[in-house]
2 protein chains.
Amino acid sequence: MQINPLALDEQLCFPLYSSEKTVVAAYRPLLAPLGLTYPQYLVMLALWEQDGQPVSTLGRRLGLDSGTLSPLLKRLEASGRIQRHRGTADERVVTVQLTSEGAALREDAVGIPARLFAQLGLEAAEAVELRRLLAKICSTGQATPARTDNPKDPS
Amino acid sequence: MQINPLALDEQLCFPLYSSEKTVVAAYRPLLAPLGLTYPQYLVMLALWEQDGQPVSTLGRRLGLDSGTLSPLLKRLEASGRIQRHRGTADERVVTVQLTSEGAALREDAVGIPARLFAQLGLEAAEAVELRRLLAKICSTGQATPARTDNPKDPS
DNA sequence: CACAATTTAGTTGTGGGCAACTCATCTAAC
DNA sequence: GTTAGATGAGTTGCCCACAACTAAATTGTG
């Protein structure tokens, strides 16, 4: 049927790109009252799951490198949601701790996923299948933030 | 099973966010030889489908506003892929035209979607279903770049 | 112990992406 | 014809995201 391999709508990439923006846009008005952007919200989710993570662990969990995380964490710290402490055992690692305010913010956020899901208009089964397919994509191109500097490529 | 409504992996948003980044990262090495970034590639796809579109049409097609498109198009023009011409009938509209170099670039790009799809490791039927679900998401939160300034909200 | 290789955060530079604005032009209503 | 409102493109400011780099600390090896 489709004769143009470069047609925007016939590929996966554009719908993926586009729906990601749609979902982030849907989050925006829900997160604005909390004073969070969407990536900041993801960091908070990771910290609500497990407080006191090092920056490196957080980066692997979210697929973000230090060039993204460092300034983002600085903003979260400036707005009083987290604190950063340089480790004593290993002085390279910086541990990210929720402040009491940051921990309390969880209560304001707990209703957001359900509200958002309702907006998407997907059946529960569809959501399960969608999550499975997206996870499959992530697993292929390893989710790791991709060591970019060349660590002696063993070729 | 799941008791934490804020768990990163149990929602749709994080897999969506994460797989979008994975796919863009997979495109990067394929697009680098063409001298294109992923958003620039999307603009080229739109122009290869239909040359000579006004900036506004391009923006609606891709879901991007002028704040994103204007500098992006300026870079594409600087690298010789497109030209911009201000309209004569309506002097507000700027029409984007492929240069011969930009049109020729299509030949270099035509094999990319297949190469990328192979990397994703999805069955053909899975890809069809995934595209359907993503399109459903896009349709809910209107794909329009969302007029942000308030044009006399008729409330 | 000495020293190379690795790891951790951070910084800089470039390119999206959106909000909010400006400016010019066009259209509609009068 | 004037003028109010709408529209198209652009700019500014802020935030994310990645590449490439730096500096400091740690680990491993001889």
Side-chain angles (χ1 to χ4, degrees), chain A residues 17-18 20-22 24-25 27-29 31-32 35-43 53-60 62-79 84-96 144-152 154, chain B residues 17-18 20-22 24-25 27-29 31-32 35-43 53-60 62-79 84-96 144-152 154:
Chain A
Y17 166 82
S18 207
E20 194 271 342
K21 284 197 305 168
T22 299
V24 171
Y27 268 103
R28 221 183 308 279
L31 294 177
L36 292 175
T37 65
Y38 180 70
Q40 289 169 6
Y41 170 70
L42 291 180
V43 169
Q53 300 186 57
V55 174
S56 59
T57 305
L58 223 36
R60 273 187 297 272
L62 300 175
L64 296 172
D65 71 355
S66 65
T68 302
L69 269 182
S70 287
L72 188 156
L73 292 173
K74 196 181 296 183
R75 285 184 287 269
L76 278 181
E77 187 167 39
S79 63
R84 287 187 290 180
H85 305 288
R86 191 154 295 263
T88 51
D90 186 337
E91 292 187 16
R92 291 172 304 179
V93 343
V94 168
T95 298
V96 181
T144 325
R147 286 210 57 70
T148 60
D149 35 336
N150 189 342
K152 188 63 73 56
Chain B
Y17 167 81
S18 206
E20 195 271 342
K21 284 197 307 167
T22 299
V24 171
Y27 268 103
R28 221 184 308 282
L31 293 177
L36 292 175
T37 66
Y38 180 70
Q40 289 168 6
Y41 170 69
L42 291 180
V43 169
Q53 300 185 57
V55 173
S56 58
T57 304
L58 224 36
R60 274 188 296 273
L62 300 174
L64 296 172
D65 72 354
S66 67
T68 302
L69 269 181
S70 287
L72 189 156
L73 292 173
K74 197 182 295 185
R75 285 185 285 270
L76 279 181
E77 187 167 39
S79 63
R84 286 187 289 179
H85 304 287
R86 192 158 290 267
T88 50
D90 186 337
E91 291 189 16
R92 290 171 304 179
V93 342
V94 168
T95 298
V96 181
T144 323
R147 285 209 58 71
T148 61
D149 34 337
N150 189 341
K152 190 63 69 58

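Here the structure is a predicted model, which means the values were calculated and not measured. A, B, ... follow the sequence lines: proteins, then strands. Residue 1 opens every chain.
Nucleotide dT14(C) holds its P atom 15 Å from the CD atom of Gln40(B), rounded to whole Å. Rounded to an integer number of Å, the gap from CZ of Arg92(A) to C1' of dA9(C) is 10 Å. Counting to the nearest Å, the P atom of dT25(C) and the CD atom of Glu91(B) are 6 Å from each other. Whole-Å rounding puts the Leu31(B) CG to dC18(D) P distance at 15 Å. To the nearest angstrom, P of dT8(C) lies 12 Å from CZ of Arg86(A). Remark: P of dC16(D) and CG of Asp65(A) are 13 Å apart, rounded to the nearest angstrom. Regarding Leu73(A), its CG atom lies at a distance of 15 Å from the C1' atom of dT11(C), rounded to whole Å. In this structure, Leu58(A) places its CG atom 15 Å from C1' of dG10(C), rounding to the nearest Å.
Proximity of Ser66(A) to the phosphate of dA9(C): no side-chain N or O atom is located under 4.0 Å from OP1 or OP2. For dG17(C), the OP1/OP2 oxygens have no side-chain nitrogen or oxygen of Thr68(B) closer than 4.0 Å. OP1 or OP2 of dA17(D) has at least one side-chain nitrogen or oxygen of Tyr17(B) nearer than 4.0 Å. OP1 or OP2 of dT11(D) lies within a sub-4.0 Å distance of a side-chain N or O belonging to Lys74(B). Between dA19(C) and Arg28(A), a contact under 4.0 Å exists linking OP1 or OP2 to a side-chain N or O. The side chain of Tyr27(A) contributes no N or O atom lying less than 4.0 Å from OP1 or OP2 of dC18(C). The phosphate of dG16(C) has neither OP1 nor OP2 within less than 4.0 Å of any side-chain N or O from Lys21(A). The shortest distance between the side-chain N/O atoms of Arg75(B) and the OP1/OP2 oxygens of dG16(C) is below 4.0 Å.
Nucleic acid contact class of Pro54(A) (heavy atoms, under 4.0 Å, all strands): sugar-phosphate only.
Nearest nucleotide to the Asp90(A) side chain, out of dA25(D), dG16(C), dC16(D): dA25(D).
No donor-acceptor contact under 3.5 Å links the side chain of Thr37(B) to the base of dG15(C). Interface remark: the Ser56(B) side chain does not form any donor-acceptor pair with the dG8(D) base, using a distance-only criterion of under 3.5 Å.
With the nearest nucleotide of DNA chain D identified for both Thr95(B) and Pro71(A), Thr95(B) has the one nearer the 5' end.
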